[in-house]
Amino acid sequence: MIGAVGAVSLQGVGIATVVVGATGLFIGLFLGFAAKKFEVEIDEREVKVRELLPGANCGGCGYPGCDGLANAIAEGKAPVNACPVANSDAHKAIAEVMGTVAEETEKTVAYVKCSGTCDKTEVKYEYYGVMDCKKAALVPGKGNKKCSYGCMGFGSCVKVCAFDAIHIVNGIAVVDKEKCSGCSKCTAECPNKLIDMVPVKAKHLVACGSNDKGKDVKAACSAGCIGCKLCVKACEFDAIHVENNLALIDYSKCTNCGKCAAVCPVKVIQVEK
């Protein structure tokens, strides 16, 4: 009787072993098939491009971070020099990975077109709202300063800069050119469109964005462009014109001779070092 029970137990163990083994083999084959079926091929070029990008993840390229840009470049949806933060050497290296040639791009930095510091423009009223330029722009008059075109100084651009390159100094935003990466993310934050991307080599810049006529500009700010056109007359290279009461410099023509800044009666044409 005991011998019969032992034989049955051994038989049961044997059957269980076979069942477990067969089940394991089936699961293994199924997982192997599924892995092969749903395998995502990795583009080695995307990996190499990602390694060459600076990793700033600033979004200045228009893609969601460096991973997104690397994917776009590898798929041919973005140019090899799309990263505004990477230097020309990185662009060339990325181009080599993609088997092409990177076009030369001119390095640009952000520039705030406003001279309306606290001592040069007047305040219309006390503002107690949210300290954000976009929110303040909804208030009648666009902020508390007399000039509705100027920098409100609440620092929306400062908050989005990932490189600590913009600070509020004496009531207006000021860019540190040495720190600016050229990502241009700050330009979208200014409700008055006061931040332009300008060539690094540009040495003469109009620090005003007002389109008011001269009399109204002078009533709001002692450092605003009054549209007198003396700078236009002084320029020998046709590089500066007055449009909508505001002097504008064509940097492709400007030679940085400085004659426009020398004749400006309100010194609104700044000379960068």
Side-chain angles (χ1 to χ4, degrees), residues 108-177 179-180 183-198 202 204-231 240-249 260-261 263-273:
T108 60
V109 293
Y111 177 71
V112 182
K113 300 177 296 182
C114 183
S115 299
T117 51
C118 295
D119 54 315
K120 293 176 181 173
T121 187
E122 295 184 31
V123 173
K124 290 178 294 187
Y125 53 79
E126 292 296 328
Y127 175 77
Y128 296 104
V130 179
M131 294 293 123
D132 180 275
C133 299
K134 288 185 175 179
K135 298 287 191 306
L138 300 176
V139 177
K142 289 188 174 182
N144 60 347
K145 294 181 178 177
K146 269 195 172 181
C147 178
S148 60
Y149 294 92
C151 177
M152 287 177 269
F154 295 123
S156 293
C157 53
V158 176
K159 295 170 188 172
V160 299
C161 181
F163 304 95
D164 189 37
I166 309 181
H167 299 93
I168 302 301
V169 180
N170 200 10
I172 62 172
V174 177
V175 177
D176 183 337
K177 289 176 63 175
K179 291 184 176 180
C180 180
C183 73
S184 76
K185 201 170 183 180
C186 55
T187 60
E189 292 301 309
C190 180
N192 281 349
K193 307 300 179 189
L194 280 173
I195 306 179
D196 278 350
M197 300 306 298
V198 301
H204 298 85
L205 305 146
V206 180
C208 182
S210 176
N211 293 124
D212 279 341
K213 293 183 178 179
K215 181 180 177 182
D216 296 328
V217 171
K218 293 182 71 174
C221 178
S222 63
C225 177
I226 55 177
C228 65
K229 298 184 180 179
L230 288 177
C231 53
I240 186 164
H241 297 88
V242 171
E243 297 178 10
N244 294 324
N245 306 310
L246 180 64
L248 301 172
I249 294 176
C260 56
V263 298
C264 178
V266 291
K267 303 304 177 187
V268 73
I269 301 178
Q270 293 184 347
V271 182
E272 297 286 307
K273 296 180 180 178

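All values below were derived from every heavy atom in this structure, side-chain atoms included, with hydrogens, water molecules and symmetry-related copies excluded.
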Asker: On a heavy-atom basis, which atom in G209 and which in L194 lie closest, and how many Å separate them?
Answerer: CA-CD2, 4.0 Å
Asker: Determine whether more than 12 heavy atoms belonging to other residues, nucleotides or ligands lie under 6.0 Å from atom NZ of K229.
Answerer: no
Asker: Please lay out, stage by stage, how V198 and V109 fare under the test side chain to side chain contact (heavy atoms under 4.5 Å, CB included).
Answerer: CA-CA 6 Å; V198 301; V109 293; 4.2 Å; yes
Asker: Does anything in residues 156-176 pair up under ring-ring contact (aromatic ring centres under 6.0 Å, His included), and if so which pairs, sequence neighbours excluded?
Answerer: none
Asker: For K179, check side chain to side chain contact (heavy atoms under 4.5 Å, CB included) against everything at least two apart and list the hits.
Answerer: D164, A165, D176
Asker: Can you tell me how far apart NZ (K113) and SG (C225) are? Round to the nearest 0.5 Å.
Answerer: 11.5 Å
Asker: For Q270, check side-chain hydrogen bond (donor to acceptor under 3.5 Å, both in side chains) against everything at least two apart and list the hits.
Answerer: Y111
Asker: Working to the nearest 0.5 Å, report the span between CD1 of I195 and SG of C190.
Answerer: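 One finds 5.0 Å between CD1 of I195 and SG of C190.
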Asker: Please name the pair of heavy atoms, one in S210 and one in C147, separated by the smallest distance, quoted to 0.1 Å.
Answerer: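 In terms of heavy atoms, the two residues are closest at CB-SG, 4.4 Å.
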Asker: Provide the full list of salt bridge (Lys or Arg N to Asp or Glu O under 4.0 Å) pairs with a residue in residues 139-148, sequence neighbours left out, each pair given once.
Answerer: E122-K146
Asker: So which pairs with a foot in residues 213-227 pass side-chain hydrogen bond (donor to acceptor under 3.5 Å, both in side chains), sequence neighbours left out?
Answerer: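 Passing the test, one end in residues 213-227: no pairs.
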Asker: Looking only at heavy atoms, which two atoms of N211 and E243 are closest? And how far apart?
Answerer: ND2-O, 4.1 Å
Asker: Taking the side chain as C-beta and beyond, is there a heavy-atom pair between K159 and E189 under 4.5 Å?
Answerer: no
Asker: Mind listing the closest non-hydrogen atom pair of C151 and C114 along with its distance?
Answerer: N-SG, 3.4 Å
Asker: Indicate yes or no: at least one non-hydrogen side-chain atom of K120 is less than 4.5 angstrom from one of N170.
Answerer: no
Asker: Does atom NZ (K135) have a neighbourhood of more than 12 heavy atoms from anything else shown, all under 6.0 Å?
Answerer: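 Not more than 12 within 6.0 Å, no.
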Asker: According to salt bridge (charged side-chain N to carboxylate O under 4.0 Å, His left out), who are the partners of D212, at least two apart in sequence or on a separate chain?
Answerer: none
Asker: Between L248 and H241, is any pair of side-chain heavy atoms under 4.5 Å apart?
Answerer: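 The answer is no; the side chains never approach within 4.5 Å.
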Asker: Show your working on side chain to side chain contact (heavy atoms under 4.5 Å, CB included) between L246 and C208 and close with a plain yes or no.
Answerer: CA-CA 8 Å; L246 180 64; C208 182; 4.1 Å; yes
Asker: Sequence neighbours excluded, which residues qualify as side chain to side chain contact (heavy atoms under 4.5 Å, CB included) partners of I168?
Answerer: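 Expected list: V158, A173.
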Asker: What residues form a ring pair (Phe, Tyr, Trp, His ring centres under 6.0 Å) with Y127, not counting sequence neighbours?
Answerer: F154
Asker: Residues two or more places apart in sequence or in another chain: which of them pass ring pair (Phe, Tyr, Trp, His ring centres under 6.0 Å) with Y149?
Answerer: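 Result, ring pair (Phe, Tyr, Trp, His ring centres under 6.0 Å) vs Y149: none returned.
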Asker: List the residues meeting side chain to side chain contact (heavy atoms under 4.5 Å, CB included) with C228, not counting sequence neighbours, and say none if there are none.
Answerer: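 Partners of C228 under the side chain to side chain contact (heavy atoms under 4.5 Å, CB included) test: I226, L230, P265.
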Asker: Run the side chain to side chain contact (heavy atoms under 4.5 Å, CB included) test against S184 and tell me which residues pass, sequence neighbours left out.
Answerer: T187, M197
Asker: Going by the rule side-chain hydrogen bond (donor to acceptor under 3.5 Å, both in side chains), which residues pair with T121 if we only count those two or more places apart in sequence or in a different chain?
Answerer: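 side-chain hydrogen bond (donor to acceptor under 3.5 Å, both in side chains) check on T121 returns nothing, list empty.
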Asker: Quick check: closest heavy atoms across N144 and Y125, and the distance to 0.1 Å?
Answerer: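 What the structure gives for the nearest pair is CB-O, 3.1 Å.
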Asker: Tell me, with the steps shown, if V271 and H204 meet side chain to side chain contact (heavy atoms under 4.5 Å, CB included).
Answerer: CA-CA 5 Å; V271 182; H204 298 85; 3.7 Å; yes
Asker: For a 4.5 angstrom cut-off between non-hydrogen side-chain atoms, does C133 reach P191?
Answerer: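 Yes, their side chains come closer than 4.5 Å.
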Asker: Ignoring hydrogens, what is the shortest heavy-atom contact between I240 and C260? Give both atom names and the distance.
Answerer: CD1-CB, 4.3 Å
